[in-house]
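The model shown is predicted, which means the values in this text are computed figures rather than measured ones.
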Amino acid sequence: EPVNGRDVFSRVVYGSRISLLIAFLATLLSALLGTVFGVIAGYSGGWVDTLISRTMDVFLAFPILLFAIALAGVVPDQAFGLSGDTLRIVLIVFITAFVTWPYIGRIVRGQALALREREFVDAARSMGASTPRILLTEMLPNLFAPILVYTTLLIPTNILFEAALSFLGVGVRPPTPTWGGMLSDATHWYQIAPHFVLWPGLAIFVTVLAFNLFGDGLRDALDPRSR
């Protein structure tokens, strides 16, 4: 890099740890929340379904980027017993999962609405199975395929979101490298050294494309209607 002479390749490799860690943790948390609330809404129906569905609509209309910038700006350097990069990573994971779980929740709810009318659910209900048992042993195994597919498709979205936060300066703070932070630093040199913009941008592009192709492949493999 100009001025400080840091190795770009090492920073791109190390930055992948931060980006992928945040993306995977946020996706895992949002998938957990979306699955739980989606199954409950789809199976229960009535006012429970209405309440959860309207809550999802509120979160989907939430200005996620503005909320992240505002929250990251007011949280001090030490909070909740955490500090430094750990605090920033936990904060970004919470913000990302907080507003992205409805994407999976709506898919799971739609699938659960169809499954609750199937014969095997009626049979389990007629045999006296409790609601938690029906949800865990009858509904969730049949929802595994769509949950897995949409989870893999949510990972690249979270990678891009983390990169956007780091680019705007509210993500993981320097000197810890992130792809978005490297792009932000490279904007000062793109006219005389454009390759400093190329490598972190290429890392984001290749990673996001790989996860999108992986998600599409899973959808084709697990959805018999696409064959």
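Across all their heavy atoms, Ser16 and Trp179 have their closest contact at CB-CZ2, 3.2 Å. Between Ala26 and Ala97, the shortest heavy-atom distance links the atoms O-CB, 3.6 Å. Nearest approach of Thr151 to Ile147, heavy atoms of both residues: OG1-O, 2.6 Å. Minimum heavy-atom separation, Thr96 to Thr100: O-OG1, 2.6 Å. Ala112 and Gly42 make their closest contact through CB-CA, 3.8 Å (heavy atoms, listed as atom of the first residue, atom of the second, distance). For Pro175 against Arg11, the heavy-atom pair with the smallest separation is O-NH1, 3.7 Å.
Within the 4.5 Å cutoff, no side-chain heavy atoms of Glu162 are placed close to those of Asn158. The side-chain heavy atoms of Thr176 and Tyr14, taken from C-beta on, include a pair separated by under 4.5 Å. Ile40 has its side chain within reach of Val48: a pair of non-hydrogen atoms, C-beta onward, lies under 4.5 Å apart. Between Val12 and Leu202 there is no side-chain heavy-atom pair separated by less than 4.5 Å. Using a 4.5 Å heavy-atom threshold, the side chains of Val208 and Thr157 count as separate. The shortest distance between side-chain heavy atoms of Gln111 and Asn142 does not fall below 4.5 Å. Taking 4.5 Å as the limit, some side-chain heavy atom of Ile204 sits within range of a side-chain heavy atom of Leu183. The closest side-chain heavy-atom distance from Ile107 to Val149 is not below 4.5 Å.
Within a 6.0 Å radius of CZ in Phe161, other residues, nucleotides and ligands contribute more than 12 heavy atoms. Within 6.0 Å of the CZ atom in Arg106, the count of heavy atoms belonging to other residues, nucleotides or ligands does not exceed 12. For Phe214, the CZ atom sits in a loose shell: 12 or fewer heavy atoms of surrounding residues, nucleotides or ligands are nearer than 6.0 Å.
With rounding to the nearest 0.5 Å, the separation of CG in Leu148 from OG1 in Thr152 is 6.0 Å. Taking CZ of Phe37 as the reference point, atom CD1 of Ile104 lies at 13.5 Å (rounded to 0.5 Å). Rounding to the nearest 0.5 Å gives a distance of 5.0 Å between CD1 of Ile155 and OG1 of Thr27. In this structure, CH2 on Trp101 lies 11.0 Å from CG on Leu29, to the nearest 0.5 angstrom. Atom CD1 of residue Ile159 and atom CG of residue Leu154 lie 10.0 Å apart, to the nearest 0.5 angstrom. Put simply, OG1 on Thr35 and CZ on Arg109 are 15.0 Å apart, with the number rounded to the nearest 0.5 Å.
Exactly one of Ile89, Leu87, Leu21 qualifies for a side-chain contact (heavy atoms from CB on, under 4.5 Å) with Val172. That residue is Ile89.
For Asp185, there are no salt bridge (Lys or Arg N to Asp or Glu O under 4.0 Å) partners two or more places apart in sequence or in a different chain.
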Tyr103 and Leu60: CA distance, side-chain angles, deciding distance, side-chain contact (heavy atoms from CB on, under 4.5 Å) verdict: CA-CA 8 Å; Tyr103 291 100; Leu60 289 174; 3.7 Å; yes
After noting the C-alpha distance and the side-chain angles of Leu20 and Thr207, does the key distance pass the side-chain contact (heavy atoms from CB on, under 4.5 Å) rule? CA-CA 9 Å; Leu20 294 179; Thr207 305; 4.0 Å; yes
Report the C-alpha distance between Val39 and Leu140 in whole Å, list the side-chain angles of each, state the deciding distance to 0.1 Å, and finish with yes or no for side-chain contact (heavy atoms from CB on, under 4.5 Å). CA-CA 8 Å; Val39 169; Leu140 279 180; 3.9 Å; yes
Run the side-chain contact (heavy atoms from CB on, under 4.5 Å) check on Asp216 and Leu153 step by step: do they pass? CA-CA 8 Å; Asp216 289 338; Leu153 292 176; 4.1 Å; yes
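Transitive grouping of hydrophobic side chains (ILVMFWY, heavy atoms separated by less than 4.5 Å) keeps Val99 and Val58 in distinct clusters. Tyr43 and Leu113 fall into different hydrophobic clusters, where Ile, Leu, Val, Met, Phe, Trp and Tyr are joined by side-chain heavy atoms under 4.5 Å apart, directly or via other members. Hydrophobic cluster membership differs between Leu28 and Val108, with clusters built from Ile, Leu, Val, Met, Phe, Trp and Tyr side chains linked at under 4.5 angstrom. Two different hydrophobic clusters hold Val13 and Ile18 under the rule that ILVMFWY side chains link at heavy-atom gaps under 4.5 Å. Cluster membership for Phe9 and Met182, using ILVMFWY side-chain heavy atoms within less than 4.5 angstrom, is not shared.
Between the Thr187 side chain and the Ser184 main chain, a donor and an acceptor come within less than 3.5 Å of each other. Counting only distance, with no hydrogens or angles, the side chain of Ser166 and the backbone of Ala163 share no donor-acceptor pair below 3.5 Å.
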